[in-house]
Asks: 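First the structure, then my questions, so here it is.
Keep in mind that this is a model prediction, so the values were computed, not measured.
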Amino acid sequence: MTFSVTNSMPATPPRPITPVKIAAHHLEKAIALLPQITDTPGDLAIHLQKALLLIAGLDDYLERSTTPESLALTEIAQKTQHEPWQAKFDGGETEQHLEQEMLTGHLEGQALKMFVRMTGAKRVLDIGMFTGYSALAMAEALPEDGCLVACEIDPYAAQFAQRLFERSPHGHKIGIKLGAASDTLDQLIADQATFDFAFIDANKAGYVEYYEKLIGSNLLAPNGYICADNTLFLGEVYLSESEQSDTAKAIAHFNQVVADDPRTEQVLLPVRDGLTLIRRI
(Lines give C-alpha, C1' and ligand atoms only; values in the text may rest on other atoms or scores of the structure.)
Protein backbone atom coordinates (compact mmCIF):
# COMPACT_ATOMS: atom_id res chain seq x y z
CA MET A 1 0.00 0.00 0.00
CA THR A 2 1.39 3.40 -0.99
CA PHE A 3 1.04 6.43 1.25
CA SER A 4 1.62 9.89 -0.11
CA VAL A 5 0.63 13.53 0.26
CA THR A 6 -1.16 14.78 -2.84
CA ASN A 7 -1.48 18.43 -1.79
CA SER A 8 1.56 20.28 -3.12
CA MET A 9 0.84 23.52 -1.25
CA PRO A 10 3.49 24.32 1.37
CA ALA A 11 2.34 23.62 4.91
CA THR A 12 2.26 26.41 7.47
CA PRO A 13 4.53 25.51 10.42
CA PRO A 14 2.41 24.75 13.50
CA ARG A 15 2.41 27.41 16.20
CA PRO A 16 3.86 26.41 19.60
CA ILE A 17 1.14 24.84 21.74
CA THR A 18 3.01 22.96 24.47
CA PRO A 19 4.42 24.63 27.60
CA VAL A 20 7.94 23.64 26.55
CA LYS A 21 7.63 25.05 23.03
CA ILE A 22 5.97 28.23 24.29
CA ALA A 23 8.72 28.76 26.89
CA ALA A 24 11.36 28.24 24.19
CA HIS A 25 9.61 30.80 21.98
CA HIS A 26 9.69 33.41 24.77
CA LEU A 27 13.36 32.72 25.48
CA GLU A 28 14.19 33.20 21.80
CA LYS A 29 12.38 36.54 21.85
CA ALA A 30 14.23 37.59 25.01
CA ILE A 31 17.63 36.71 23.56
CA ALA A 32 16.79 38.63 20.37
CA LEU A 33 16.09 41.74 22.48
CA LEU A 34 19.39 41.67 24.38
CA PRO A 35 21.34 43.75 21.81
CA GLN A 36 18.84 46.58 22.36
CA ILE A 37 19.60 46.76 26.07
CA THR A 38 22.56 48.79 27.25
CA ASP A 39 24.65 47.71 30.21
CA THR A 40 23.38 44.14 29.98
CA PRO A 41 25.26 41.82 32.36
CA GLY A 42 27.50 39.60 30.24
CA ASP A 43 26.39 36.40 31.90
CA LEU A 44 22.68 37.15 31.34
CA ALA A 45 22.93 36.12 27.69
CA ILE A 46 24.84 32.98 28.70
CA HIS A 47 22.14 31.91 31.18
CA LEU A 48 19.33 32.65 28.73
CA GLN A 49 21.09 30.71 25.97
CA LYS A 50 21.66 27.70 28.23
CA ALA A 51 18.01 27.75 29.30
CA LEU A 52 16.95 27.91 25.66
CA LEU A 53 19.19 24.98 24.71
CA LEU A 54 17.73 22.87 27.51
CA ILE A 55 14.12 23.68 26.68
CA ALA A 56 14.06 24.06 22.90
CA GLY A 57 15.46 20.62 22.15
CA LEU A 58 13.36 18.61 24.58
CA ASP A 59 10.23 17.88 22.53
CA ASP A 60 12.25 17.05 19.41
CA TYR A 61 14.52 14.72 21.39
CA LEU A 62 11.50 12.92 22.85
CA GLU A 63 10.17 12.43 19.31
CA ARG A 64 13.49 11.02 18.09
CA SER A 65 13.70 8.65 21.06
CA THR A 66 10.18 7.29 20.54
CA THR A 67 9.22 4.42 18.24
CA PRO A 68 8.45 5.84 14.77
CA GLU A 69 4.82 6.17 13.78
CA SER A 70 3.32 3.96 11.09
CA LEU A 71 3.14 5.14 7.49
CA ALA A 72 -0.64 5.49 7.85
CA LEU A 73 -0.21 7.80 10.85
CA THR A 74 2.43 9.81 9.00
CA GLU A 75 -0.03 10.32 6.17
CA ILE A 76 -2.72 11.58 8.56
CA ALA A 77 -0.25 14.02 10.11
CA GLN A 78 0.99 15.31 6.76
CA LYS A 79 -2.43 15.66 5.18
CA THR A 80 -3.75 17.42 8.29
CA GLN A 81 -0.84 19.87 8.17
CA HIS A 82 -1.38 20.62 4.47
CA GLU A 83 -5.17 21.04 4.69
CA PRO A 84 -6.27 24.72 4.45
CA TRP A 85 -8.48 24.58 7.53
CA GLN A 86 -9.19 28.30 7.75
CA ALA A 87 -10.31 28.38 4.12
CA LYS A 88 -12.51 25.32 4.70
CA PHE A 89 -14.20 27.07 7.64
CA ASP A 90 -14.57 30.38 5.79
CA GLY A 91 -16.12 28.52 2.86
CA GLY A 92 -18.58 26.67 5.08
CA GLU A 93 -17.11 23.23 4.43
CA THR A 94 -16.36 22.70 8.12
CA GLU A 95 -18.85 23.49 10.86
CA GLN A 96 -16.15 23.93 13.47
CA HIS A 97 -13.09 26.20 13.46
CA LEU A 98 -10.47 23.47 13.03
CA GLU A 99 -6.69 23.84 12.88
CA GLN A 100 -3.70 21.56 12.37
CA GLU A 101 -2.56 22.07 15.98
CA MET A 102 -5.50 19.91 17.10
CA LEU A 103 -3.64 16.83 15.84
CA THR A 104 -2.54 14.43 18.58
CA GLY A 105 0.84 13.82 16.97
CA HIS A 106 3.62 11.25 17.10
CA LEU A 107 4.74 11.34 20.75
CA GLU A 108 1.28 11.37 22.26
CA GLY A 109 -0.02 8.90 19.70
CA GLN A 110 2.67 6.41 20.66
CA ALA A 111 1.90 6.99 24.35
CA LEU A 112 -1.78 6.23 23.74
CA LYS A 113 -0.83 3.17 21.73
CA MET A 114 1.35 1.98 24.61
CA PHE A 115 -1.43 2.60 27.16
CA VAL A 116 -3.88 0.52 25.12
CA ARG A 117 -1.39 -2.34 24.89
CA MET A 118 -0.46 -2.12 28.60
CA THR A 119 -4.09 -2.15 29.75
CA GLY A 120 -5.05 -4.98 27.41
CA ALA A 121 -8.02 -2.95 26.20
CA LYS A 122 -10.27 -4.47 23.54
CA ARG A 123 -12.91 -1.72 23.40
CA VAL A 124 -11.75 1.90 23.15
CA LEU A 125 -13.70 5.17 23.10
CA ASP A 126 -12.15 8.23 21.43
CA ILE A 127 -14.05 11.36 22.51
CA GLY A 128 -12.99 13.98 19.96
CA MET A 129 -11.44 12.43 16.85
CA PHE A 130 -10.55 15.38 14.53
CA THR A 131 -8.64 13.83 11.57
CA GLY A 132 -8.22 10.46 13.24
CA TYR A 133 -4.61 10.34 14.40
CA SER A 134 -5.38 9.31 18.00
CA ALA A 135 -8.07 6.88 16.86
CA LEU A 136 -5.81 5.06 14.41
CA ALA A 137 -2.85 5.06 16.82
CA MET A 138 -4.99 3.28 19.43
CA ALA A 139 -6.60 1.00 16.84
CA GLU A 140 -3.14 -0.19 15.80
CA ALA A 141 -2.67 -1.48 19.36
CA LEU A 142 -6.00 -3.31 19.49
CA PRO A 143 -6.25 -7.04 18.80
CA GLU A 144 -7.87 -8.05 15.51
CA ASP A 145 -11.24 -8.49 17.23
CA GLY A 146 -10.95 -5.18 19.09
CA CYS A 147 -13.00 -2.11 18.25
CA LEU A 148 -12.81 1.64 18.69
CA VAL A 149 -15.72 4.09 18.69
CA ALA A 150 -14.67 7.61 17.65
CA CYS A 151 -16.84 10.64 18.42
CA GLU A 152 -16.61 13.58 16.03
CA ILE A 153 -18.91 16.60 15.69
CA ASP A 154 -17.69 17.95 12.34
CA PRO A 155 -18.85 16.05 9.20
CA TYR A 156 -15.92 17.26 7.10
CA ALA A 157 -13.36 16.07 9.66
CA ALA A 158 -15.18 12.73 9.96
CA GLN A 159 -15.08 12.17 6.19
CA PHE A 160 -11.43 13.30 6.07
CA ALA A 161 -10.54 10.71 8.72
CA GLN A 162 -12.64 7.91 7.23
CA ARG A 163 -10.87 8.17 3.87
CA LEU A 164 -7.52 7.79 5.62
CA PHE A 165 -8.73 4.93 7.84
CA GLU A 166 -9.63 3.00 4.71
CA ARG A 167 -5.97 3.12 3.66
CA SER A 168 -4.81 1.39 6.87
CA PRO A 169 -5.03 -2.34 7.68
CA HIS A 170 -6.36 -1.30 11.12
CA GLY A 171 -9.02 1.12 9.91
CA HIS A 172 -11.77 -1.51 9.96
CA LYS A 173 -11.59 -1.55 13.77
CA ILE A 174 -12.83 2.06 13.93
CA GLY A 175 -16.46 3.16 13.86
CA ILE A 176 -17.22 6.89 13.71
CA LYS A 177 -20.18 8.38 15.61
CA LEU A 178 -21.07 11.78 14.16
CA GLY A 179 -22.59 14.38 16.47
CA ALA A 180 -22.03 16.15 19.77
CA ALA A 181 -19.93 13.97 22.07
CA SER A 182 -22.33 14.39 24.99
CA ASP A 183 -25.25 13.08 22.90
CA THR A 184 -23.16 10.17 21.62
CA LEU A 185 -22.16 9.22 25.18
CA ASP A 186 -25.81 9.30 26.28
CA GLN A 187 -26.73 6.96 23.42
CA LEU A 188 -23.85 4.60 24.23
CA ILE A 189 -24.99 4.52 27.87
CA ALA A 190 -28.55 3.76 26.75
CA ASP A 191 -27.17 0.98 24.54
CA GLN A 192 -25.31 -0.42 27.59
CA ALA A 193 -21.97 -0.14 25.81
CA THR A 194 -18.82 -0.60 27.89
CA PHE A 195 -15.26 0.48 27.16
CA ASP A 196 -11.92 -0.55 28.64
CA PHE A 197 -10.14 2.69 27.70
CA ALA A 198 -11.43 6.17 26.90
CA PHE A 199 -9.52 9.13 25.50
CA ILE A 200 -10.99 12.60 26.15
CA ASP A 201 -9.94 15.25 23.63
CA ALA A 202 -13.12 17.09 22.60
CA ASN A 203 -14.63 20.43 23.70
CA LYS A 204 -12.59 21.45 26.75
CA ALA A 205 -15.61 23.01 28.47
CA GLY A 206 -17.24 19.57 28.33
CA TYR A 207 -14.44 17.58 29.99
CA VAL A 208 -16.13 17.36 33.40
CA GLU A 209 -19.38 16.23 31.78
CA TYR A 210 -17.63 13.54 29.71
CA TYR A 211 -15.74 12.38 32.78
CA GLU A 212 -18.90 12.14 34.88
CA LYS A 213 -20.72 10.18 32.17
CA LEU A 214 -17.83 7.70 32.06
CA ILE A 215 -17.35 7.32 35.82
CA GLY A 216 -21.00 7.69 36.81
CA SER A 217 -22.21 4.85 34.60
CA ASN A 218 -21.08 1.51 33.26
CA LEU A 219 -19.73 3.19 30.13
CA LEU A 220 -16.25 2.74 31.60
CA ALA A 221 -15.52 -0.86 32.58
CA PRO A 222 -14.84 -1.54 36.29
CA ASN A 223 -11.09 -1.81 35.63
CA GLY A 224 -11.11 0.77 32.86
CA TYR A 225 -8.86 3.75 32.27
CA ILE A 226 -9.43 7.28 31.05
CA CYS A 227 -6.79 9.43 29.39
CA ALA A 228 -7.46 13.18 29.09
CA ASP A 229 -5.54 15.43 26.69
CA ASN A 230 -4.43 19.09 27.02
CA THR A 231 -4.54 19.02 30.82
CA LEU A 232 -1.68 21.53 31.03
CA PHE A 233 -3.33 23.70 28.36
CA LEU A 234 -0.49 25.88 27.04
CA GLY A 235 0.96 26.05 30.56
CA GLU A 236 -1.88 28.36 31.60
CA VAL A 237 -3.54 26.06 34.14
CA TYR A 238 -0.89 26.70 36.78
CA LEU A 239 -0.74 30.46 36.22
CA SER A 240 -2.84 32.89 38.24
CA GLU A 241 -6.52 32.92 37.30
CA SER A 242 -6.18 36.41 35.84
CA GLU A 243 -3.71 35.02 33.27
CA GLN A 244 -5.90 32.07 32.26
CA SER A 245 -8.13 31.97 29.20
CA ASP A 246 -11.66 30.62 29.59
CA THR A 247 -10.50 27.30 28.15
CA ALA A 248 -7.61 27.10 30.63
CA LYS A 249 -10.05 27.78 33.47
CA ALA A 250 -12.25 24.92 32.24
CA ILE A 251 -9.27 22.55 32.16
CA ALA A 252 -8.04 23.71 35.58
CA HIS A 253 -11.54 23.01 36.94
CA PHE A 254 -11.50 19.55 35.35
CA ASN A 255 -8.08 18.81 36.86
CA GLN A 256 -9.37 19.79 40.31
CA VAL A 257 -12.53 17.71 39.95
CA VAL A 258 -10.45 14.65 39.08
CA ALA A 259 -7.93 15.32 41.87
CA ASP A 260 -10.76 15.57 44.43
CA ASP A 261 -12.68 12.50 43.22
CA PRO A 262 -12.36 9.52 45.61
CA ARG A 263 -13.65 7.18 42.89
CA THR A 264 -10.46 7.45 40.87
CA GLU A 265 -6.71 7.86 41.05
CA GLN A 266 -4.71 9.78 38.47
CA VAL A 267 -1.33 11.02 37.31
CA LEU A 268 -0.78 14.12 35.16
CA LEU A 269 2.10 13.56 32.76
CA PRO A 270 3.94 16.51 31.11
CA VAL A 271 3.65 14.92 27.66
CA ARG A 272 3.11 17.58 24.96
CA ASP A 273 0.26 19.75 26.31
CA GLY A 274 -0.44 17.53 29.32
CA LEU A 275 -1.84 14.02 29.46
CA THR A 276 -3.74 12.74 32.52
CA LEU A 277 -4.12 9.00 33.04
CA ILE A 278 -7.06 8.12 35.30
CA ARG A 279 -7.99 4.75 36.82
CA ARG A 280 -11.29 3.86 38.37
CA ILE A 281 -10.66 2.56 41.92
Asks: Which pairs of donor and acceptor atoms, one on a side chain in residues 16-33, lie under 3.5 Å apart (sequence neighbours left out)?
Replies:
unit_1 : atom_1 : unit_2 : atom_2 : d
Thr18  : OG1    : Lys21  : N      : 3.1
Thr18  : OG1    : Asp59  : OD2    : 3.0
Lys21  : NZ     : Asp60  : OD1    : 3.4

Asks: Please walk me through it: do Leu275 and Phe115 pass side-chain contact (heavy atoms from CB on, under 4.5 Å)?
Replies: CA-CA 12 Å; Leu275 202 58; Phe115 291 155; 4.0 Å; yes
Asks: In terms of side-chain geometry, is the basic nitrogen of Asp186 or Lys213 positioned less than 4.0 Å from the acidic oxygen of its partner?
Replies: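 Looking at Asp186 and Lys213, the cut-off is met.
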Asks: If you apply the rule side chain to side chain donor-acceptor pair (under 3.5 Å), what do you find for Ser242 with Ser240, and how did you get there?
Replies: CA-CA 5 Å; Ser242 63; Ser240 64; 3.1 Å; yes
Asks: Can you tell me if Lys173 has over 12 outside heavy atoms packed within less than 6.0 Å of its NZ?
Replies: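 Check passes, neighbour count above 12.
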Asks: Pro262 versus Ile281: any side-chain heavy-atom pair under 4.5 Å?
Replies: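 SC-SC contact between Pro262 and Ile281 ruled out.
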Asks: Quick one: does Thr247's side chain get under 4.5 Å of Leu234's, heavy atoms only?
Replies: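 No, their side chains stay 4.5 Å or more apart.
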Asks: Looking at Leu220, Thr276, Val258, Thr264, which hits side chain to side chain contact (heavy atoms under 4.5 Å, CB included) with Ile226?
Replies: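 In the set Leu220, Thr276, Val258, Thr264, the residue that makes a side chain to side chain contact (heavy atoms under 4.5 Å, CB included) with Ile226 is Leu220.
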Asks: Please report the interatomic distance CG(Asp201) to CG(Asn230), rounded to the nearest 0.5 Å.
Replies: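 Answer for the CG-CG pair, Asp201 versus Asn230, is 5.5 Å.
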Asks: Just by distance, no angles: are the side chains of Glu140 and His170 close enough, under 3.5 Å, to form a donor-acceptor pair?
Replies: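 Absent: no donor and acceptor within the cut-off.
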Asks: Can you tell me how the ring of His97 sits relative to the ring of Phe89, calling it parallel under 30°, perpendicular over 60° and tilted otherwise?
Replies: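 Ring orientation, 0 to 90° scale: parallel.
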Asks: Do Leu142 and Cys147 make a side-chain contact, defined as non-hydrogen atoms from C-beta onward lying under 4.5 Å apart?
Replies: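 Not touching, per the 4.5 Å side-chain cut-off.
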Asks: Would you compute the distance between atom CD of Gln110 and atom CD of Glu69 and round it to the nearest 0.5 angstrom?
Replies: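 One gets 7.5 Å once the value is rounded to the nearest 0.5 Å.
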Asks: Kindly give the heavy-atom pair with the smallest separation between Thr80 and Trp85, and that separation in Å.
Replies: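 Scanning both residues, the minimum pair turns out to be O-NE1, 2.9 Å.
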Asks: Roughly how far apart are Ile127 CD1 and Tyr210 OH, rounded to 0.5 Å?
Replies: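 That separation rounds to 7.5 Å.
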Asks: Any non-hydrogen side-chain atom of Arg163 less than 4.5 Å from a side-chain atom of Gln159?
Replies: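 Contact flag for Arg163/Gln159 side chains = yes.
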Asks: Rounded to the nearest 0.5 Å, what separates atom CE in Met138 from atom CZ in Phe197?
Replies: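 Reported to 0.5 Å precision, the distance equals 6.5 Å.
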Asks: Does any non-hydrogen side-chain atom of Met129 lie less than 4.5 Å from one of Ile176?
Replies: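 They are in side-chain contact.
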Asks: About how many Å separate OG1 of Thr66 and CE of Met114, when rounded to the nearest 0.5 Å?
Replies: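 It is 8.5 Å, given to the nearest 0.5 Å.
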Asks: Any non-hydrogen side-chain atom of Tyr133 less than 4.5 Å from a side-chain atom of Glu108?
Replies: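 Tyr133 does not reach Glu108 side chain to side chain.
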